[in-house]
Chemist: 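Sharing a structure below in structure tokens format, with a few things to ask.
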Amino acid sequence: MAASAPAPHTTEFPAEGRCSYYVEKKKRFCRMVVAAGKRFCGEHAGAAEEENARKRILCPLDPKHTVYEDQLAKHLKKCNSREKPKPDFFIQDINAGLKDETEIPEQLVSISSLSEEQLENLIKKLRKASEALHDALNDPKNGDSATKHLKQQASILGNIEKLKLLGPRRCFVEFGAGKGKLSHWVDIALKDAEKVHFILVEKVTTRFKVDGKHRRKNSVFERLQIDIQHLCLSKIPLLSKEKLPVVGIGKHLCGVATDLALRCLVETYAASCEERNEEPLAKRIKNDKTEKEINTLAKEGNEKNVAEKWSPVAGIVIALCCHHRCDWRHYVGKEYFRALGLGAVEFHYFQRMSSWATCGMRRTSLEASSLTVKRKDEQNADSEEHDDRGCRIPDDSAESAPGFLTVEEKTKIGHLCKLLIDQGRVEYLQQKGFSPALQYYTDPLVSLENVLLTALPNHSSSPETTA
């Protein structure tokens, strides 16, 4: 590789102690620090004549960077891309669900490749399956997009408080935590509550985290970089030691991640605690009191001193998102679909068509020009919501349906698909001993993904009777 010379028009020179290689693509010099007496950094050393004798090759672990061939063995031992030892709480595919190869055909054509008759049959199945559903969603709250994320977080926080889940002696597990803003605001809302822990679960490295802004002495934060699919909460030292009831939370938990999180909470963790016959701290406190003491406290109006009867999972509050990213293998509502006479094929197309609820007008020619600016704003907002993880719509799911569907019909079908998928999650939670609910938690002008899934264990005290 020959050293790249500065562009003729540039007057810039490399900073002192920095690499002299001119990066044509960025129109500037490389800013990496160089070793004493060298002109080029390690990455661009091959461009210098004095380094020509040593060959640089692509790193086999990560081809995005290079390494000296004669130092490859040494580099592989310390490369940041090397496979690191798995923690105890990593158990391969523990929350993945059973894989039934016979149910999922190898080849499924795109929606745009379906004939009009095939698509009509799918829509008939969807509408028939949706007939039994009653829309239990509450009226959305008002808001405006200027304070989009704060309004969403405030509403989620309000629902956590309404369910009586804000309090001492518990552990909040934020799935798909990203920057950790939801946990940050929960922590602020808890004020002086004691013995509160936060576990932030995120599978990718995240920039601009707010973890360092936590100042409360009574809370402990722990960030885990792991895919929810492999997470075993009962193996986390903090939980196995403290045995605190868990509250699962998430803001816009994308598609399949919601199903993985639900299984992680109500199957993997709760079942593990029950097998070991362990009682969460809050439940043990109540059991330590005599029935007479509890009744006395209640009569005196000190209900807040009476700990609720908690299960290992005290509650779930998750803002749902990106149903087009769901997956049949991991979906928790399979039994619900099968009971309706539906299976993997119908699920595949319904989850693809669910994107019509939020982008059904993408290719509507008459409105395309007026929506261009708005869509750019929405994409930027989505990038913030999903912390740059990018919940991209599959190309074929956003394609225009055959002409017999209007924009309004297409949007309505998308919402029916979302509701059907979410109802399967509701049925799953009911079967697992929870009282779930779906509700709008913000105005669609604030976010088109505005549905919140909440759940409390059946035997927990009701919000009206618990302080």
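Along the sequence shown, residues are numbered consecutively beginning with 1.
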Chemist: Is any side-chain heavy atom of C59 less than 4.5 Å from a side-chain heavy atom of C79?
Modeler: yes
Chemist: Step through the shown structure and confirm whether more than 12 heavy atoms of other residues, nucleotides or ligands are within 6.0 Å of NZ on K84.
Modeler: yes
Chemist: Does atom CD of E83 have more than 12 heavy-atom neighbours, drawn from other residues, nucleotides or ligands, at distances under 6.0 Å?
Modeler: no
Chemist: Show your working on side-chain contact (heavy atoms from CB on, under 4.5 Å) between S183 and I249 and close with a plain yes or no.
Modeler: CA-CA 8 Å; S183 290; I249 61 175; 4.1 Å; yes
Chemist: Looking only at non-hydrogen atoms, find the nearest pair between K251 and L182 and report the distance.
Modeler: N-CD2, 3.9 Å
Chemist: Would you say the side chain of F89 lies within less than 4.5 Å of the side chain of I94, judging by non-hydrogen atoms?
Modeler: no
Chemist: Do the side-chain N and O atoms of Q431 and Y336 include a donor-acceptor pair separated by under 3.5 angstrom?
Modeler: no
Chemist: K128: what forms a salt bridge (charged side-chain N to carboxylate O under 4.0 Å, His left out) with it, not counting sequence neighbours?
Modeler: none
Chemist: Please check if the number of heavy atoms outside K86 that lie under 6.0 Å from its NZ is greater than 12.
Modeler: yes
Chemist: Does K209, at its NZ atom, have more than 12 non-hydrogen atoms belonging to other residues, nucleotides or ligands within less than 6.0 Å?
Modeler: yes
Chemist: I need the single residue from V246, L163, V247, V266 that forms a side chain to side chain contact (heavy atoms under 4.5 Å, CB included) with I316. Which is it?
Modeler: V266
Chemist: Please report the shortest heavy-atom distance between V332 and R425, naming the atom on each side.
Modeler: CG2-CG, 3.8 Å
Chemist: Residues in side-chain hydrogen bond (donor to acceptor under 3.5 Å, both in side chains) with K125, at least two apart?
Modeler: E346
Chemist: According to side-chain contact (heavy atoms from CB on, under 4.5 Å), who are the partners of R18, at least two apart in sequence or on a separate chain?
Modeler: A15, V33
Chemist: side-chain contact (heavy atoms from CB on, under 4.5 Å), that's the test. Do F350 and L122 meet it? Break it down for me.
Modeler: CA-CA 8 Å; F350 291 165; L122 274 173; 4.2 Å; yes
Chemist: Check the surroundings of atom CD in Q430: do more than 12 heavy atoms from other residues, nucleotides or ligands lie under 6.0 Å from it?
Modeler: yes
Chemist: So which atom in K418 and which in A357 form the shortest heavy-atom distance, rounded to 0.1 Å?
Modeler: CE-CB, 3.8 Å
Chemist: V256 versus R325: any side-chain heavy-atom pair under 4.5 Å?
Modeler: no
Chemist: Report, as yes or no, whether the 6.0 Å neighbourhood of atom CD on E194 holds more than 12 heavy atoms from other residues, nucleotides or ligands.
Modeler: no
Chemist: Quick check: are there more than 12 heavy atoms from other residues, nucleotides or ligands sitting under 6.0 Å from CD of E335?
Modeler: no
